[in-house]
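So you know, we letter chains A, B, ... as the sequences are listed, proteins then strands, and number each from 1.
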Amino acid sequence: MHRYRNHTCGDLRESHIGQTARLSGWVHRVRDHGGVLFIDLRDHYGLTQVVADPDSPAFKEAEKLHSEWVIRVDGKVRKRPEGTENKELPTGMVEVFVSEIEVLGPAAELPMPVFGDQEYPEDIRLKYRFLDLRRERLHNNIIKRGQIIDSIRRRMKDGGFFEFQTPILTASSPEGARDYLVPSRIHPGKFYALPQAPQQFKQLIMMSGFDRYFQIAACFRDEDARADRSPGEFYQLDIEMSFVTQQDVFDAVEPVLRGVFEEFGGGMPVTQKFPLIPYADALKLYGTDKPDLRNPIKMQNVTSAFAGSGFKIFAGMIAADPKVEVWAIPAPKGGNRAFCDRMNSWAQGEGQPGLGYIFWREGEESGAGPLAKNIGPERTKQIADQLGLGVGDAVFFVAGKPKDFVKFAGPARTKVGQELDLIAKGKFEFCWIVDFPMFEWNEEDKKVDFSHNPFSMPNMGTEEFLALDAAADQDKLLAINAIQYDIVCNGTELSSGAIRNHRPDVMKKAFAIAGYGEDVLEAKFGGMLRALSLGAPPHGGIAPGIDRIVMLLCGEENLREVVLFPMNQRAEDLLMGAPSDVTPKQLKELHIRLNLPQK
RNA sequence: GGGGGCGUAGCUCAGUUGGUUAGAGCGCUGCCCUGUCACGGCAGAGGCCGCGGGUUCGAGUCCCGUCGCUCCCGCCA
């Protein structure tokens with residue numbers, strides 16, 4: 001007999017009746033009836049009911065047990081008495097009549113129970129993460145995460161990709177997020193940085209002739225947290241391919257994601273062919289570059305219906321500035337005053353002066369609400385016709401410069417969808433967002449910046465791009481798109497990628513436009529530049545976020561529910577106590593003196 | 001760095017217009033109970049009402065500050 005077990009707690013069936021079983025596990029729950037006592041014994045594999053009564057030599061021992069003690073039990077497997085079977089449990093036809101109990105690991109009083117599904121505060125859950133991980137929900141999420149990653153690896157390898165490991169201690173990069181720094185002992189005053197992503201490495205792998213790279217890569221960014229953004233570290237399915245166009249990347253990645261979502265999505269339908277939506281269209285239609293396509297609402301430009309109209313606020317704005325537009329958010333089935341007022345007060349809560357609306361109802365087929373009165377029936381009908389709205393429907397309006405109001409229009413569209421229950425649940429709606437602008441205007445510094453990734457290829461002829469004059473062609477610069485793309489699923493940005501800039505001359509030009517001299521480029525990307533100038537293949541890739549994929553597939557709203565040992569929102573690991581003080585000796589070795597902020 | 005929400009027993013929460021001794025459920029402890037599987041019953045322990053200040057005859061309740069948690073903005077090539 002094995003020291004601890006000859007079966008797991010998920011094993012025993014009727015076929016084992018009569019055998020002697022040795023099980024080890026956690027006391028999940030004790031039900032003490034005085035004369036008879038039930039112990040639900042739990043391990044990773046399942047739950048088995050262990051029974052003791054006064055005839056059992058272990059009865060006295062059994063009465064002392066508490067939840068979450070780790071024990072070993074020996075006993076006879078027997079059929080449960082007629083009518084007491086538990087069909088909910090795979091082991092529910094049998095029970096183990098205990099003859100011996102050995103306590104392997106007693107437990108003190110628990111700060112949170114494993115049994116049951118009561119909500120517990122985050123700080124307690126994180127401090128006692130190992131208890132939380134014993135609970136069914138987290139335990140299953142973590143298992144599912146592992147299975148998803150297995151499936152991704154298999155699919156990538158089947159697609160001809162090869163897995164690489166890249167350095168964790170690397171050099172700080174000037175663009176992007178704040179780096180995590182690691183001081184060098186050997187080089188006083190110098191620092192390694194943890195990679196924000198293996199971006200340069202994966203490109204160098206392509207320049208090293210390997211052709212198809214992937215990695216489940218740890219990424220480190222010193223950024224503040226969100227519900228869907230871990231502080232500190234997260235994982236990406238990092239992908240790079242040589243001799244590819246944007247379409248080749250899509251063709252390689254789409255089946256992997258679709259397959260994984262079909263495999264683990266619980267039967268929920270998945271977009272079969274991901275639509276391509278240009279960035280500019282996404283903003284116009286959905287007010288965001290990560291639209292939730294489960295929400296059917298599409299916004300439209302209705303500026304002409306308000307220009308010169310009797311609604312002086314909008315008409316005045318339009319007359320004063322040619323950049324001002326009015327966008328309509330249609331709200332089918334929202335045609336009642338209560339809903340429109342609710343939206344209006346929601347908008348005020350968002351810091352807006354209000355939310356103009358028109359609605360149509362029986363008896364007021366030509367439009368109800370103050371706005372309709374102001375602009376008159378003809379213009380109201382123009383709006384109704386353009387949006388295909390009628391009695392029972394409503395429409396809301398946002399006005400101003402689109403650049404300024406999209407941040408409100410997007411959430412307003414989402415709010416209308418939620419309030420009217422228009423968002424289709426139970427499916428995964430994917431799309432590609434393409435044609436991101438290469439540069440953007442930095443109002444603060446009065447200069448042109450990279451708008452996303454400095455390594456993206458501008459979508460413009462090489463000669464034409466090289467001929468650009470950074471000062472004179474500013475409008476032209478801001479109109480250039482990069483060959484860059486995002487994958488969005490149900491309103492969550494899953495990934496970002498690009499066809500890379502593999503030409504050193506174009507690279508130098510792009511950095512010059514953003515105000516970086518060749519010296520900066522040389523100092524910060526010297527290795528990369530060398531590689532680009534010694535025979536670089538055209539290449540591109542993408543990097544879907546593993547944590548977000550798992551989050552969507554587990555139906556969780558928060559990344560901490562799908563990460564084994566997450567940090568809290570302030571980037572602290574409450575279980576391990578990180579970050580922590582270090583000894584003066586350690587600091588001395590690293591040539592570091594602390595200069596702490598005044599309290 | 002900024003804004004919103006929350007903070008009452010170990011946990012989830014209730015607590016009226018400011019008014020006697022702050023409650024319930026779960027958990028915990030003890031006792032009873034031979035077929036439960038969210039077992040049941042009885043009894044009990046457990047509270048600086050986050051902290052500090054103020055208003056008031058009187059504050060869990062109102063005001064100010066502060067701390068913590070959380071969500072968001074900034075930030076996220």
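Closest of all the heavy-atom pairs between Pro195(A) and Ile168(A) is CD-O, 2.8 Å. For the pair Pro537(A) and His539(A), the tightest heavy-atom approach, listed with the atom from each and the gap, is O-ND1, 2.8 Å. Smallest separation of non-hydrogen atoms from Val244(A) and Ile499(A): O-CD1, 3.7 Å. Summarising the geometry of Phe97(A) relative to Ser56(A), their closest heavy-atom pair is CZ-CB, 3.8 Å, with the distance given to 0.1 Å.
Residue contacts for Asp123(A): at a heavy-atom cut-off of 4.0 Å it reaches no nucleic acid atom on any strand shown. Looking at heavy-atom distances under 4.0 Å, Arg560(A) makes contact with sugar-phosphate atoms alone, never a base.
The distance from atom CZ of Arg229(A) to atom P of rC73(B) is 8 Å, rounded to the nearest whole Å. Between the CG atom of Leu559(A) and the C1' atom of rU70(B) there is a distance of 15 Å, given to the nearest Å. Distance, Lys127(A) NZ to rC69(B) P: 13 Å, rounded to whole Å. Distance, Phe408(A) CZ to rG3(B) C1': 17 Å, rounded to whole Å.
Comparing the same atom, P, in rG44(B) and in rG60(B) gives a spacing of 26 Å after rounding to whole Å. Rounded to a whole angstrom, the distance from the C1' atom of rA14(B) to that of rC49(B) is 13 Å. Across the P atoms, rC73(B) and rC64(B) are found 27 Å apart, a figure rounded to whole Å. Using atom P as the reference point in both rG18(B) and rA24(B), the two lie 25 Å apart (nearest Å). Nucleotides rG15(B) and rG47(B) place their C1' atoms 14 Å apart, quoted to the nearest Å. For the P atoms, the distance from rG1(B) to rC57(B) is 41 Å, rounded to whole Å. Taking the C1' atoms as reference points, rA22(B) lies 23 Å from rC63(B), given to the whole Å. The C1' atoms of rG68(B) and rC26(B) are separated by 25 Å, rounded to the nearest whole Å.
For RNA chain B, each stem of at least three Watson-Crick or G-U pairs (distances under 3.5 Å) is given as range with range: B:1-7 with B:67-73, B:10-13 with B:23-26, B:28-32 with B:40-44, B:50-54 with B:62-66.
For rG68(B), the base has no donor-acceptor partner in the side chain of Arg570(A) [N/O atoms by modelled type, under 3.5 angstrom]. At a cut-off of 3.5 angstrom, the base of rC76(B) holds no donor-acceptor pair with the side chain of Arg221(A). No donor-acceptor contact under 3.5 Å links the side chain of Arg29(A) to the base of rC39(B).
Using a 30° and 60° split on the angle between ring planes, Trp432(A) and Phe250(A) fall in the parallel class, below 30°. Relative ring orientation between Phe130(A) and Tyr128(A) is described as perpendicular, the plane-to-plane angle rising above 60° on a 0-90° scale split at 30° and 60°. Ring pair Tyr516(A)/Phe450(A) is parallel by interplanar angle, where below 30° counts as parallel and above 60° as perpendicular.
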For this session: Spell out protein contact along nucleotides 30-36 of chain B as letters: B when the base is contacted, S when just the sugar-phosphate is, - when no protein heavy atom is under 4.0 Å; keep the 5' to 3' order.
Result: ---BBBB

Exercise. Once each nucleotide of nucleotides 4-10 of chain B is scored for protein heavy atoms under 4.0 Å, what B/S/- sequence comes out, 5' to 3'?
Worked result: ------S

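Counting heavy-atom neighbours within 6.0 Å of Arg294(A) CZ, excluding the residue itself, gives a total above 12. Arg342(A) CZ: more than 12 foreign heavy atoms inside a 6.0 Å radius.
Arg31(A) and Asp40(A) are joined by a salt bridge, as a carboxylate oxygen and a charged side-chain nitrogen come within less than 4.0 angstrom of each other.
Of the candidates rC71(B), rC69(B), rC73(B), the closest approach to any side-chain atom of Glu572(A) belongs to rC69(B).
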Exercise. Run the side chain to side chain donor-acceptor pair (under 3.5 Å) check on Asp11(A) and Thr8(A) step by step: do they pass?
Worked result: CA-CA 5 Å; Asp11(A) 273 353; Thr8(A) 71; 3.2 Å; yes

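The closest side-chain donor-acceptor pair between Gln49(A) and Asn86(A), if any, does not fall under 3.5 angstrom.
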